[in-house]
Amino acid sequence: MNQQEPVYLIDGSAYIYRAYHAIAPLTNKSGLPTHAVYGFTNILLRVLREKAPRFLGIAFDVRGPNFRHEMYQAYKANRPTMPDDLACQIPYIKEIVAAHNIACLERQGYEADDLLASAAKKLAGQGHPVIVVSGDKDLLQLVSESITVWDPMRDVFMDPAAVRKKYNLGPEQLLDFFALMGDSSDNVPGVAGIGPKTAEKLITQCGSLDGIYQNLETISQAKLREKLLADRENAFLSRKLITLIEDLATPELQEYEIPEPNEEKLQELYTFLDFSRLVKAPQTTAVALETKGFHLVQTEKALQDICQQLSKGPVLVLDTETTSLDPLVAELVGISLCSTAEEAYYLPIGHRDSEGNLLANQLPLALAREHLTPLFSDPNLPKLGHNLKFDLPILESHGLPLSGPLWDTMLASYLLDPSRRSQKLDDLCLEMLGKRLTSFAEVTEGDKRPDSFAYVAPEAAKNYSCEDVIGAFLLWQRFHPQLEEFGLWKLFSSLEMALVPILVRMEQTGITVDQAQLQRLSEDFGLQLAELEKTIYALAGEEFNINSTRQLGEILFAKLGLPQGRKTKTGYSTDVKVLESLARQHDLPAAILAHRTLSKLKNTYVDKLPELIHPKTGRIHTSFNQTVTATGRLSSSNPNLQNIPIRTPEGQKIRAAFVAAPGQLFLSADYSQIDLRVMAHYAQDPALLTAFRAGEDVHNQTAAEIFRVNPAFISPEMRRVAKTINFGIIYGISAFGLAAQLNLSRKEAATFIERYFAHYAGVKRFMEEIVEKARKDGFVTTLLNRRRLLPDINSSNKASREFAERTAINTPIQGTAADIIKLATIAATQHLTEKGLHAKLLLQIHDELVFEVPAAEIEATGAVVKEAMEGVMQLDVPLVVNTVVGENLAKV
DNA sequence: TCGGTTACGTAC
DNA sequence: GACGTACGTAACCGAG
């Protein structure tokens with residue numbers, strides 16, 4: 001018997017409103033608004049697809065006042081009546097429901113929620129499990145052993161345990177809880193001045209709303225008692241308003257059973273509404289990629305034939321489809337291959353039916369491996385893909401490692417224009433080729449499950465995946481000659497492509513954090529923050545949201561009358577500079593600053609890092625992005641391990657939580673002053689060249705010049721100022737910016753800059769020449785010929801032009817430094833392998849490489865790495881690398 | 001309620 | 001407007 005199959009009850013009206021508000025207005029060809037229908041249909045199809053329910057009902061509100069309005073005039077009075085452009089969509093929604101033959105629940109004078117409640121209670125009472133599909137908290141009052149609420153948007157199931165976890169209250173207590181709080185969006189009054197925290201406390205204390213009013217005298221806070229007394233009526237009225245009616249007549253179980261939908265009617269509706277994604281007949285438009293040469297490979301014979309064909313080259317284009325974006329858990333669903341723009345092949349391997357069973361008619365992995373290995377391991381056959389950093393570890397973990405030259409269209413595109421808004425395959429195909437590729441969302445029909453691709457039918461997957469390899473091939477035909485034309489081939493093949501497998505390995509390896517240490521830090525920071533919060537409220541004379549710059553500005557400048565500093569677009573700036581300057585006049589700014597620092601560290605690192613520990617490896621695996629920055633640097637995300645704090649003592653505590661594995665040590669090797677050395681080389685400035693060649697402290701030398709003192713008399717403060725100027729120069733500094741940075745007058749700053757350029761005249765000339773060249777060429781390059789376009793360099797808009805000028809100065813320096821560290825990354829890993837050393841590269845932080853090294857190899861590794869890094873490029877000044885060893889990141 | 005924008009702060 | 005390159009968090013806003 002199928003008694004245990006749940007009945008799904010959808011909160012139809014809620015999703016109509018949600019779709020109407022959340023989705024940008026859409027219309028069909030005849031101008032009918034359709035976005036609410038579209039959003040609703042998507043939710044419905046998602047439930048049908050993901051849950052394949054046998055029993056399903058959908059509840060709707062009926063327009064017009066209901067009994068709640070009679071009870072309380074203001075009920076939902078803040079809600080405008082249904083807008084016309086929504087009302088006109090309702091009939092189509094009903095038609096879609098009707099075409100699916102789904103039971104429709106509605107009744108004059110009641111809301112959808114009441115029908116859901118009545119139906120759910122009745123079915124549950126008959127022993128049928130019920131799943132209410134809704135994101136509305138008011139429905140949580142229904143939750144019981146047999147009634148669950150599912151919010152498909154967040155994919156959260158609320159059973160009694162989940163309710164208790166979220167609210168610290170049982171489902172039966174929620175009504176009273178919400179009654180106390182009220183709900184401003186529905187104009188449910190509640191008790192004024194009681195929010196979630198107080199409401200939770202009261203209900204926990206007294207058990208229920210009645211309990212609270214029966215035991216008012218036990219409530220110690222006089223203020224709170226007053227509030228409760230004053231709004232007693234409202235509290236009980238609120239409860240009535242949000243209590244759902246549970247005894248309306250609703251259908252019997254069998255009436256929810258859904259027969260086959262009326263496909264013809266549905267197609268007719270979708271066509272009329274212009275829901276092209278849902279219209280079955282494939283719509284071929286002028287821009288869609290031609291799909292007639294796409295083939296499914298489902299037999300060994302076919303596989304043999306295509307391998308034979310593909311082995312002829314001249315290149316093997318490939319793309320993998322998987323169950324996850326995380327290569328550590330991703331399983332192969334399919335592989336697409338091509339070597340011409342005409343024919344492409346899709347090998348289905350891991351497709352599943354809705355029950356999760358592997359489909360028949362697929363190639364067993366072992367068989368695919370047997371035939372593909374000669375192809376994939378052919379050292380003379382180049383392998384082309386888009387973002388191979390993703391495919392490489394997937395193929396490797398499935399026993400299909402790649403050999404031969406690697407070519408990547410994403411990297412080619414990046415080198416041709418690193419500032420491109422998107423380097424995604426579909427965006428590039430559209431932009432460069434005018435060809436529209438099927439999106440992932442389309443092929444998975446919006447399925448939000450992480451492994452959604454496994455449930456795509458092989459035929460549809462074939463079309464999608466083959467488009468990708470053909471798209472990559474077509475892009476390559478365009479990019480390859482361009483790489484040659486712009487002298488980028490060496491940079492592409494020997495540097496960026498060589499880096500790919502190294503980044504794969506780094507991401508795979510990950511880094512260990514000491515979870516217990518972070519836990520302690522979290523508690524420690526939490527306590528300090530609570531103290532600071534008290535202090536801040538006392539100093540401010542009121543409670544407010546410390547994280548809100550707007551509220552803070554109000555307190556500092558309006559209430560306390562402190563002098564306003566800079567303004568931002570939206571109000572007064574309260575950034576660290578402003579607060580520091582206010583610290584002399586009042587204690588509040590300093591307390592805010594301390595709070596900011598701590599909460600930043602706690603929220604961004606201490607509390608976030610443990611969440612990112614991988615369940616499989618127990619380590620944290622960042623992504624190193626190779627096509628993001630405009631200058632050629634890498635970036636790091638999820639988490640960003642290139643901005644782990646270092647400057648403050650609190651930051652050091654976080655660094656200390658990054659620990660080397662047992663028996664291993666961290667080795668950090670960083671370039672000394674790499675940016676300034678690159679600038680010295682570019683500028684050929686005698687003073688700078690001499691300083692670096694002599695191994696002098698360049699900040700000290702700058703200090704001596706700008707303060708016009710004997711080097712023996714330079715104070716730490718003077719050196720700090722000089723260091724700021726040295727960095728500022730690289731960024732294309734102005735007197736204004738330097739003054740702001742150092743709290744100097746503009747005149748003083750200007751004097752320092754003048755003296756700097758007087759001494760380092762070559763630097764000034766370099767800057768002028770590079771800007772001039774950028775004006776002429778429209779781009780700048782690095783020493784390895786990496787380019788960055790500067791479309792604004794001749795702009796008539798002064799601000800954008802000047803920005804481009806600063807970029808023209810900074811990019812060759814920052815970009816060359818990026819070239820150097822990338823060369824170093826390749827050289828260091830290669831030398832380590834050659835020497836049989838076992839160090840693993842974990843991090844690259846712009847001028848620094850961090851390795852995890854077996855303790856016994858630490859000295860040899862340090863020497864190899866240092867030598868490799870210092871020798872990668874011959875500049876006119878030496879490259880100097882310092883190495884440090886420690887068991888955690890605070891010590892390196 | 002949600003995605004986009006703004007302000008801010010961490011790194012090099 | 002004013003010092004370059006990133007990424008992430010929290011608040012806020014607009015949509016109606």
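Predicted model only: the values in this text are computed from it and were never measured. Labels below follow one simple rule: chain letters A, B, ... track the order of the sequence lines, proteins then strands, and each chain is numbered from 1.
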Trainee: With a 4.0 Å heavy-atom cut-off, tell me which residues in residues 545-558 of chain A come close to DNA chain C, sorted by residue number.
Mentor: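 Within residues 545-558 of chain A, the residues near DNA chain C are A/Asn545, A/Asn547, A/Ser548, A/Arg550, A/Gln551.
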Trainee: Nearest-nucleotide wise, let me know which of A/Ser636 and A/Phe727 is further upstream toward the 5' end of DNA chain C.
Mentor: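 So the residue in question is A/Phe727.
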Trainee: With a 4.0 Å heavy-atom cut-off, tell me which residues in residues 597-607 of chain A come close to DNA chain B, sorted by residue number.
Mentor: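 Output list: A/Thr597, A/Lys600, A/Tyr605.
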Trainee: Would you classify A/Arg596 as touching base, sugar-phosphate or nothing, given that sugar-phosphate means primed atoms plus P, OP1 and OP2, and contacts are heavy atoms under 4.0 Å?
Mentor: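 Here A/Arg596 touches the backbone only, sparing every base.
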Trainee: Salt-bridged, A/Arg719 to A/Asp697, with N to O below 4.0 Å?
Mentor: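 So A/Arg719 pairs with A/Asp697 through a salt bridge.
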Trainee: Does A/Ser635 have a side-chain nitrogen or oxygen under 4.0 Å from the phosphate oxygens OP1 or OP2 of C/dC7?
Mentor: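 So the side chain of A/Ser635 is within the cut-off, an N or O lying under 4.0 Å from OP1 or OP2 of C/dC7.
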Trainee: Using Watson-Crick pairs (N1 to N3, plus N6-O4 or O6-N4) and G-U wobble pairs, both distances under 3.5 Å, which stems of at least 3 pairs involve DNA chain C?
Mentor: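 Stem list for DNA chain C: B:1-12 with C:4-15.
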Trainee: Please list, chain by chain and in numerical order, all residues satisfying side-chain contact (heavy atoms from CB on, under 4.5 Å) with A/Arg550, sequence neighbours excluded.
Mentor: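 For A/Arg550, the residues satisfying side-chain contact (heavy atoms from CB on, under 4.5 Å) (neighbours in sequence not counted) are A/Ser548.
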Trainee: Of the nucleotides B/dC12, B/dG9, C/dA6, which has the atom closest to the A/Tyr731 side chain?
Mentor: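 The listed nucleotide nearest to A/Tyr731's side chain is B/dC12.
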Trainee: Mind checking what makes salt bridge (charged side-chain N to carboxylate O under 4.0 Å, His left out) contact with A/Lys600, not counting sequence neighbours?
Mentor: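 With sequence neighbours excluded, A/Lys600 shows a salt bridge (charged side-chain N to carboxylate O under 4.0 Å, His left out) to no residue whatsoever.
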Trainee: With sequence neighbours excluded, what pairs up with A/Tyr756 under the ring pair (Phe, Tyr, Trp, His ring centres under 6.0 Å) test?
Mentor: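 Once residues adjacent in sequence are excluded, the partners of A/Tyr756 under the ring pair (Phe, Tyr, Trp, His ring centres under 6.0 Å) criterion are A/Tyr760.
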Trainee: Under the rule for side chain to side chain donor-acceptor pair (under 3.5 Å), what residues qualify as partners of A/Lys773, not counting sequence neighbours?
Mentor: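 Per chain and number, A/Lys773 pairs via side chain to side chain donor-acceptor pair (under 3.5 Å) with A/Asp777.
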Trainee: Calculate the interatomic distance between A/Gln844 atom CD and C/dC7 atom P; express it in whole Å.
Mentor: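 Atom CD in A/Gln844 sits about 13 Å away from atom P in C/dC7.
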Trainee: Contact list please: residues 799-807 of chain A against DNA chain C, heavy atoms, distance less than 4.0 Å, in numerical order.
Mentor: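 Listed by number, they are A/Glu802, A/Phe803, A/Arg806.
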Trainee: Taking only residues two or more places apart in sequence or in another chain, which ones pass side-chain contact (heavy atoms from CB on, under 4.5 Å) with A/Ser672?
Mentor: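 Testing A/Ser672 for side-chain contact (heavy atoms from CB on, under 4.5 Å), a comparison that skips the adjacent residues, returns A/Arg677, A/Val880, A/Asn882.
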Trainee: Under a 4.0 Å heavy-atom cut-off, which of residues 742-754 of chain A touch DNA chain B?
Mentor: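 Heavy-atom contacts with DNA chain B come from no residue of residues 742-754 of chain A; none.
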Trainee: Taking any heavy-atom pair under 4.0 Å as a contact, classify A/Lys798: base, sugar-phosphate, or nothing.
Mentor: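 Base contact.
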Trainee: Under the side-chain contact (heavy atoms from CB on, under 4.5 Å) test, which residues partner A/Ala774, sequence neighbours left out?
Mentor: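 Partners of A/Ala774 by the side-chain contact (heavy atoms from CB on, under 4.5 Å) criterion, ordered by chain and then number, come out as A/Val780, A/Leu790, A/Ile793, A/Ala808.
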Trainee: Whole angstroms only, please: what is the OH-P distance between A/Tyr414 and C/dA6?
Mentor: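 Checked: the OH to P distance equals 8 Å.
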Trainee: Ignoring backbone atoms, establish whether A/Thr574 has a side-chain N or O less than 4.0 Å from OP1 or OP2 of B/dC8.
Mentor: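 Yes, A/Thr574 has a side-chain N/O under 4.0 Å of OP1/OP2 on B/dC8.
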Trainee: With sequence neighbours excluded, tell me which residues meet side chain to side chain donor-acceptor pair (under 3.5 Å) with A/Ser637.
Mentor: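 So A/Ser637 forms a side chain to side chain donor-acceptor pair (under 3.5 Å) with A/Asn625.
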Trainee: Over all strands shown, is A/Arg788 touching base, sugar-phosphate only, or nothing at heavy-atom distances under 4.0 angstrom?
Mentor: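 Answer is sugar-phosphate: A/Arg788 comes under 4.0 Å of backbone atoms only.
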Trainee: Nearest whole Å is fine: how far is C/dA6 C1' from A/Ile821 CD1?
Mentor: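 Going from CD1 in A/Ile821 over to C1' in C/dA6 covers 16 Å.
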